[in-house]
Amino acid sequence: MLTFIRTCVSFFFVLYFIPAGLGALTLPCQRMSLRFVGGFSLSLIVFELLMLVFHASGGSFRLMVLLWCVLCGTFAVWGLWHRKKK
């Protein structure tokens, strides 16, 4: 049961929270669907760039994912907070 809850929270974070927050930060005046797709694309680009660097240097995948979560999560919170402030 705990694994199911952790999986649902992870999917919510990766598939909704980060794309919505990054989209609100980068495309603030667009439709919600366009912001969502833009935020998802931006998070995927950041993930792939980190994957390239960590793969070339032989770094830890867990560290890379943690760095991606912290980096994208911080900007997503900033984007959602900035949107609520307006």
Side-chain angles (χ1 to χ4, degrees):
M1 184 63 178
L2 187 59
T3 303
F4 178 73
I5 293 171
R6 260 190 288 179
T7 303
C8 288
V9 169
S10 298
F11 281 151
F12 173 77
F13 184 72
V14 170
L15 297 176
Y16 179 74
F17 180 74
I18 286 180
L22 288 178
L25 183 65
T26 56
L27 301 167
C29 298
Q30 300 295 327
R31 292 187 330 231
M32 179 62 184
S33 60
L34 185 61
R35 283 187 298 191
F36 189 80
V37 170
F40 187 77
S41 299
L42 182 61
S43 71
L44 187 61
I45 288 169
V46 170
F47 186 85
E48 291 297 331
L49 288 174
L50 285 173
M51 180 66 89
L52 179 68
V53 170
F54 274 74
H55 181 74
S57 66
S60 168
F61 180 70
R62 289 181 180 177
L63 178 64
M64 191 264 324
V65 170
L66 177 67
L67 181 62
W68 176 79
C69 285
V70 169
L71 185 68
C72 288
T74 302
F75 283 114
V77 167
W78 185 23
L80 290 174
W81 180 71
H82 192 335
R83 186 183 70 171
K84 296 284 185 191
K85 213 168 93 172
K86 285 185 177 183

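Index from 1, following the sequence.
A ring pair (Phe, Tyr, Trp, His ring centres under 6.0 Å) check over residues 32-55, counting only residues at least two apart or in different chains, returns the pairs F47-W68.
Annotation for L44: hydrophobic cluster partners, listed by chain and number, are none (ILVMFWY side-chain heavy atoms under 4.5 Å, direct or chained). Here V70 is tied into one hydrophobic group with L66, each link being a pair of ILVMFWY side chains closer than 4.5 Å. Other members of the cluster containing I45 are L49, with ILVMFWY side chains joined at under 4.5 Å, either directly or via other members.
What you find for L22 and S43 is that their closest heavy atoms are CD1-CB, 3.8 Å. For the pair V46 and C72, the tightest heavy-atom approach, listed with the atom from each and the gap, is CG1-SG, 4.0 Å. Here the shortest heavy-atom pairing between M64 and M51 reads SD-N, 3.7 Å. In terms of heavy-atom proximity, Q30 sits nearest to R35 at O-NE, 3.6 Å. The two residues A24 and G79 have their closest heavy-atom pair at CB-O, 3.8 Å.
There is no path of hydrophobic side-chain contacts, each under 4.5 Å, that joins V37 to L15. By the rule that hydrophobic residues join a cluster once side-chain heavy atoms approach within less than 4.5 Å of another member, V14 and V9 end up as members of separate clusters. Both M32 and V77 are part of a single hydrophobic cluster, where members link through side-chain heavy atoms under 4.5 Å apart.
A search for side chain to side chain contact (heavy atoms under 4.5 Å, CB included) contacts involving F12 returns Y16, F17, not counting sequence neighbours. Looking at residues two or more places apart in sequence or on another chain, you find a side chain to side chain contact (heavy atoms under 4.5 Å, CB included) between S60 and R62, L63. In this structure, the side chain to side chain contact (heavy atoms under 4.5 Å, CB included) partners of S33, at least two apart in sequence or on a different chain, are R31. With sequence neighbours left out, T3 forms a side chain to side chain contact (heavy atoms under 4.5 Å, CB included) with R6, T7. Residues that satisfy the ring-ring contact (aromatic ring centres under 6.0 Å, His included) test with F61, not counting sequence neighbours, are absent from this structure.
The structure places CD1 of I5 at 11.5 Å from OG of S10, a figure rounded to the nearest 0.5 Å. Remark: L25 CG to L42 CG distance equals 8.5 Å, nearest 0.5 Å.
Other residues, nucleotides and ligands place more than 12 heavy atoms under 6.0 Å from the CZ atom of F13.
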